[in-house]
**Student:** 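Could you have a look at this structure, given as structure tokens, before my questions?
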There are 2 protein chains.
Amino acid sequence: MPTLQDVARIAGVSRSTVSRVINDHPSVDPRTRRRVQRAIKQCGYRPHAIARSLATKRTRIIGMIIPEAVSRLFTDPYFALMLRGATDACNRSGYQLILSLFTASVDSKTMHDRIVHNGYVDGVLTANTCLDDGLVPRLLDTGIPFVTIGRHPDARVSYVDVDNIGGARMATEFLIHLGHKRIGTITGPLNMTPAQDRLTGFLKAMGDNGLPVPDALIVEGDFTEAGGRAAMARLLEERPTAVFVASDSLAIGAVKAIQGAGLRVPEDISVIGFDDLPSAASLEPALTTVHQPIEGLAQLAVEVLIDRLKRRVQNGIAVQRVVLPTELMVRRSCTRPS
Amino acid sequence: MPTLQDVARIAGVSRSTVSRVINDHPSVDPRTRRRVQRAIKQCGYRPHAIARSLATKRTRIIGMIIPEAVSRLFTDPYFALMLRGATDACNRSGYQLILSLFTASVDSKTMHDRIVHNGYVDGVLTANTCLDDGLVPRLLDTGIPFVTIGRHPDARVSYVDVDNIGGARMATEFLIHLGHKRIGTITGPLNMTPAQDRLTGFLKAMGDNGLPVPDALIVEGDFTEAGGRAAMARLLEERPTAVFVASDSLAIGAVKAIQGAGLRVPEDISVIGFDDLPSAASLEPALTTVHQPIEGLAQLAVEVLIDRLKRRVQNGIAVQRVVLPTELMVRRSCTRPS
DNA sequence: TTGTACGCGTTATCAT
DNA sequence: ATGATAACGCGTACAA
């Protein structure tokens, strides 16, 4: 592999000049610039990223950390879409993405150290961390630039999120407008902010419309289909006419539980989900749900992070937060109460 | 951040000695070793990966390349499981994984160059590349160590794969033993080796048992649910009593098409899939399918790659190939012909 | 066993 | 505008 030195020899200039050409430094004579560029082409020179990183202290690599709790949701397309969005945004801006999933073989602290302290990453993206896994505090402590996908209560963290509260409220109000009064909800794990927020939105809609929500109509699930099935089984005893389910995976399980009990969706019970997974439209019945732009959210997260990385050279390190709107996808799984 | 120099000062030795301690070099006095280790603890020294890489020319980073064609299958849990396996194996061996998905924003050649030529990755893992996307030839050309997940016909490539031919044959023979004679198949995209191999296994089983396979009983799909639905719609006209479907996603679509036509699975048509996705067991009816160890396959791929990276220092660069067995998961979607 | 000195490929500072 | 020269942090022959 040719180096700066080689190019310099061929072009008959010094390394410094070649370096300037490569980095688009303004003060270099147009003629020598062309000479150097020819030399670069000729010997097939490509800058060595590692050497460059050693000198600049920047790698153009960002680390994506996904804790164990979420990687359990692995069978959920959510994860794949997020990754697609993140890598796509990275591609666009010439960054690379190092992926690290917490798995059983290595604990959270070790992973964090390996990612953060080895100097390979300029910044970190982290998705849907639980409130209690200690990752965010550690990141704050380290001082490495990071952005979370999904809000975090700490005032110092920058995040991107979708309007979970608004989306949940919108979904619930849709049920209310259809005429439902006895509405239940299946929540996600309440140690995750999206689950909390969707419950909040649900309760707000119900409260605003003067509808009571007895405790028995709120069942906590775990964002999986099996969890949805189990939660719905319990909810069935309370005979709601409609259910707001905090994720599509949960909703799929809930629908199966309803059908398994010999009831029909939506004739006996209306079901509305959250996420708008690719499969939601082709379920039987097609699932009414709240669309969230997962891929776009991840893209945005990367952009915000890169923006922070650039600003850091200056001193404008104010917290950045962006919340994206959701959208109601009306399909067949909801109808008026009979 | 403290450097070798700092540690050396504190311990009262030279940088070289500290370096030796860190790299477990044998020839260093136990007493000085302890002194150095104390110094390291004291100032919280951590080796700087980039500087180290510049000197050793190794990064302990492997790049995972997934071409566009596969990233379309994104909604398939296959992808997530593969990633989980790969990252897990990386964690275990102290490697990092740089993920790069080919997306619309950047073409294949550019991506390849960015990954391979910048010196950030020691080796490359690539999943299910199409035969015609040119990635493998480029990798061979570059000379970078790589392993593909899924076999590749070129004699120079190392790969790990599951026994697609054997699995398909096993599935087909299961149908034959049940008494089926008129058996159709829905294949994957035939520019991908797994799709080819599964078709081969199917044909072999049929041939070995003296069963004819008219062309009309072979329909090419694209590994998606929608594709399965469309393919099955065509296949229905031929009235097979059983169908071997080359993937579970396809099979899910096929089942829906059958049910949509007012027929029952398995009473009217038996369906057998391939993959054993997590959802296969909870479908209605539960899907009989061929289990393939996706996560384990990815782990293995990482291990083989790392093995090659280590051997490369020596000269044993023989091609390595491993094929993992599959397993038949008998569930409800197959029965004897009526 | 330990230290010296050089190299890894760039960037950046300072003269010229 | 260009060219020495010193970092960047570490590994490693080689010498001691």
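Order of the sequence lines sets the chain letters (A, B, ...), proteins ahead of strands, with each chain counted from 1.
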**Student:** For DNA chain C, find the residues of residues 23-35 of chain A with a heavy-atom distance under 4.0 Å and give them by number; none if there aren't any.
**Tutor:**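 Heavy-atom contacts with DNA chain C come from A:Asn23.
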
**Student:** Where along residues 3-12 of chain B does a heavy atom come under 4.0 Å from DNA chain C, residue by residue in number order?
**Tutor:** none

**Student:** Does the A:Asp88 side chain pair with the main chain of A:Arg84, one donor and one acceptor, at a distance under 3.5 Å?
**Tutor:**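 Side chain of A:Asp88 to backbone of A:Arg84, a donor-acceptor pair under 3.5 Å: no, none is there.
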
**Student:** Taking side chain as C-beta onward, heavy atoms only, is B:Val13 less than 4.5 Å from B:Val21?
**Tutor:** no

**Student:** When you compare the side chain of A:Ile62 with that of A:Leu97, does any pair of heavy atoms fall below 4.5 Å?
**Tutor:** yes

**Student:** If we only count heavy atoms from C-beta on, is the B:Val121 to B:Ile144 side-chain gap below 4.5 Å?
**Tutor:**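 Heavy-atom side-chain distance check passes, below 4.5 Å.
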
**Student:** Give B:Ser19 one of three labels, base, sugar-phosphate or nothing, depending on what nucleic acid heavy atoms sit under 4.0 Å from its own.
**Tutor:**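 Base contact.
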
**Student:** Would a 4.5 Å heavy-atom cut-off, applied to side chains only, mark A:Val304 and A:Tyr159 as touching?
**Tutor:**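 No; the side chains remain at least 4.5 Å from each other.
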
**Student:** Does B:Arg46 make a side-chain donor-acceptor contact with the base of D:dG9, cut-off 3.5 Å?
**Tutor:** no

**Student:** Nucleotides 5-8 of chain D: which of its N/O atoms have a protein N/O under 3.5 Å away?
**Tutor:**
residue, atom, partner, partner atom, Å
D:dA6, N6, A:Arg15, NH2, 3.2
D:dC8, O3', A:Lys57, NZ, 3.4

**Student:** Taking five pairs at each end of the helix from C:dT1-D:dA16 to C:dT16-D:dA1, what angle separates the two helix axes (nearest 10°)?
**Tutor:**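 About 40° separates the two local helix axes.
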
**Student:** Sequence neighbours left out, what passes side-chain hydrogen bond (donor to acceptor under 3.5 Å, both in side chains) with A:Thr56? Give chain and number order.
**Tutor:** none

**Student:** Mind checking which nucleotides bracket the chain B contacts on DNA chain C, 5' to 3', with an atom under 4.0 Å from a heavy atom?
**Tutor:** C:dT1 to C:dG9

**Student:** Return a table of donor-acceptor pairs under 3.5 angstrom between the side chains of residues 33-46 of chain B and protein atoms on other chains or two or more places apart.
**Tutor:**
residue, atom, partner, partner atom, Å
B:Arg33, NH2, B:His25, O, 2.9
B:Arg35, NE, B:Ala11, O, 3.1

**Student:** Pairs in or reaching into residues 140-151 of chain B: which pass salt bridge (Lys or Arg N to Asp or Glu O under 4.0 Å), with residues at least two apart or in two chains?
**Tutor:**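 Listed by first then second residue: B:Arg151-B:Asp197.
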
**Student:** What residues form a side chain to side chain contact (heavy atoms under 4.5 Å, CB included) with B:Asp122, not counting sequence neighbours?
**Tutor:**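 With neighbours one apart ignored, the set is B:Arg58, B:Thr59, B:Tyr95, B:Leu309.
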
**Student:** If I take atom OH from residue B:Tyr120 and atom CD1 from residue B:Ile98, how far apart are they, to the nearest 0.5 angstrom?
**Tutor:** 8.0 Å

**Student:** Could you tell me the separation between the CD1 atom of A:Ile149 and the CG atom of A:Leu305, rounded to the nearest 0.5 Å?
**Tutor:** 10.0 Å

**Student:** Any side-chain heavy-atom pair from B:Leu139 and B:His112 closer than 4.5 angstrom?
**Tutor:** yes

**Student:** Taking side-chain hydrogen bond (donor to acceptor under 3.5 Å, both in side chains) as the test, write out the residues that go with A:Asp29, two or more places apart.
**Tutor:**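 Listed in chain order: nothing, the list is empty.
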
**Student:** Just to verify, what does B:Arg31 make a side-chain hydrogen bond (donor to acceptor under 3.5 Å, both in side chains) with, not counting sequence neighbours?
**Tutor:**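 Scan of B:Arg31 (side-chain hydrogen bond (donor to acceptor under 3.5 Å, both in side chains), adjacent residues dropped) gives none.
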
**Student:** Looking at residues at least two apart in the chain, or sitting in another chain, which of them share a side-chain hydrogen bond (donor to acceptor under 3.5 Å, both in side chains) with B:Gln320?
**Tutor:** B:Asp307, B:Arg308

